[in-house]
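The block underneath contains the structure these notes are about, expressed in structure tokens.
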2 protein chains.
Amino acid sequence: MPPEKISERELMLALTILFREQGFEGATLSMISKATGLKRASLYHRFPGGKQDIALAVTDFTESEFKKVLAPLHEAGNVKTRIRKVARNLGEYYDDGRRSCLVDALSVGKEADGRNIIAERIAEIMEAFISSFEQIARAAGASAKDARIRAEDAVVRFEGSLVVARSTGDTGSFKRWQKDLARMLTGT
Amino acid sequence: MPPEKISERELMLALTILFREQGFEGATLSMISKATGLKRASLYHRFPGGKQDIALAVTDFTESEFKKVLAPLHEAGNVKTRIRKVARNLGEYYDDGRRSCLVDALSVGKEADGRNIIAERIAEIMEAFISSFEQIARAAGASAKDARIRAEDAVVRFEGSLVVARSTGDTGSFKRWQKDLARMLTGT
DNA sequence: GTCTATAGCTTGATAGAC
DNA sequence: GTCTATCAAGCTATAGAC
């Protein structure tokens, strides 16, 4: 057999960028082929289920990458310091607000039956994101109810700043979000 | 000639719903035909420029509908009362947070040349949205700089709550946004 | 594990009748 | 202003060679 033209990780990184920018319908196999350097048939060798399989793999990959980005939340040390580390990580991961959110891009569009398997799967990432923030808010002393609200609002402002930045090109609100995150979650 | 099968306004309403749910790539001419009751050729009679023409018409239509929704901001009367009226209007327009934002749905995806004509056009709606909030914040006594930041953050939280609601099905953050809007913009 | 070649379908778009 | 019929191009997916 010929050697792998592209490593698993490089492959997933290229696919993630593409799906984030184009969404599910927008990302055609021709684009995928071009972005990865693999011909159609090679893509089907790696992802027997086709395009949907690829999108689900991107979702799995993003979930695990996100865990790394959020990892400092669950480490030892000062709460605010941990949150600030995560704010920095997210800034790096989203190129200071210039990249779109995969959850947003892949949750547009429904099947004829009104469902969207990828969106259902990707909603778990969103919930895990909120849940991580919720835990750190609890650690900072918030009540169960308050912690949930603080976490949801922090994620809301994160997602919103990426939408606004994509539309207007202005990343100011993302940067304000980064600065504000520790205060939002700890309430002080 | 046969009579119009569907009025201009009904047509635009159906198209807006479709593009909001499916995005540009996701909304196929087959779906458009089904949603409007018009065959392909009839659509091309009304929109000679094809699908892109339709999307631009939806953008224009949404811009004028949005002006109506935001109109109370520019009327006479108590500032907070006017803002609360707009919060109610937006709740109605977005079905209490259950509908997606057109700006979000249509700003996913780029042409090969890196541009996206529809997204560029629709960015103007986003800017007008922010600008309306900015004016009312000024009217409430905020400095130019503060008014801009308050307006941006209000729109950020609005867009974010729609993304989170679409993903998780939870409209709680949208309802909190409605309650909070007057305080956010006036700073009190 | 990669490729070329191809199948079969859907897409966006058009011609021309009524 | 609507329609049927049709088109080329692009789509996802597969078969089979190396």
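Bear in mind that the values here come from a model prediction, so they are computed numbers and not experimental data. Here is the naming used below: chain letters follow the sequence lines, and residue numbers restart at 1 for every chain.
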When rounded to whole Å, the CG to P distance for the pair A:L38 and D:dA13 reads 16 Å
What is the distance from CZ of B:R40 to P of D:dA5, rounded to the nearest Å?
14 Å
Just call it for B:S42: base, sugar-phosphate, or nothing, with non-hydrogen atoms closer than 4.0 Å on any strand.
base
Nearest-nucleotide comparison on DNA chain D, the residue closer to the 5′ end among A:M31 and A:A41
A:M31
In chain order, what residues pass the side chain to side chain contact (heavy atoms under 4.5 Å, CB included) check against A:T188, with sequence neighbours excluded?
A:K80, A:T186
Starting at CD1 of A:I32 and ending at C1' of D:dA13, how long is that distance when rounded to a whole Å?
12 Å
What nucleic acid atoms does A:K39 come within less than 4.0 Å of, heavy atoms only: base, sugar-phosphate, or nothing?
base
Establish, with yes or no, whether the OP1 or OP2 oxygen of D:dT14 is under 4.0 angstrom from a side-chain nitrogen or oxygen of A:Y44.
no
In the 5' to 3' direction, the nucleotides of DNA chain C bounding the stretch that comes under 4.0 Å of a heavy atom in chain B are C:dT11 to C:dA15
Would you mind checking if A:R46 and A:D53 are paired as a salt bridge, meaning a charged N to carboxylate O distance below 4.0 Å?
no
Is the shortest side-chain N to carboxylate O distance from A:D60 to A:R121 below 4.0 Å?
yes
When you look at B:R148 and B:E152, which way does the salt bridge (Lys or Arg N to Asp or Glu O under 4.0 Å) test go after all the steps?
CA-CA 6 Å; B:R148 180 72 194 181; B:E152 279 181 13; 3.0 Å; yes
Under 4.0 angstrom between A:T28 side-chain N/O and D:dG10 OP1 or OP2:
no
Would B:R98 pass as a cation-pi partner of B:F174, given that its NZ or CZ must be under 6.0 Å from the six-membered ring centre and within 45 degrees of the axis?
no
Contact class for B:R46 vs. all strands (heavy atom < 4.0 Å): base, sugar-phosphate, or nothing?
sugar-phosphate
For A:R166, is there an ion pair with B:D104 - N to carboxylate O distance below 4.0 angstrom?
yes
Could you give the CG-to-C1' distance, from A:L29 to D:dT14, as a whole number of Å?
12 Å
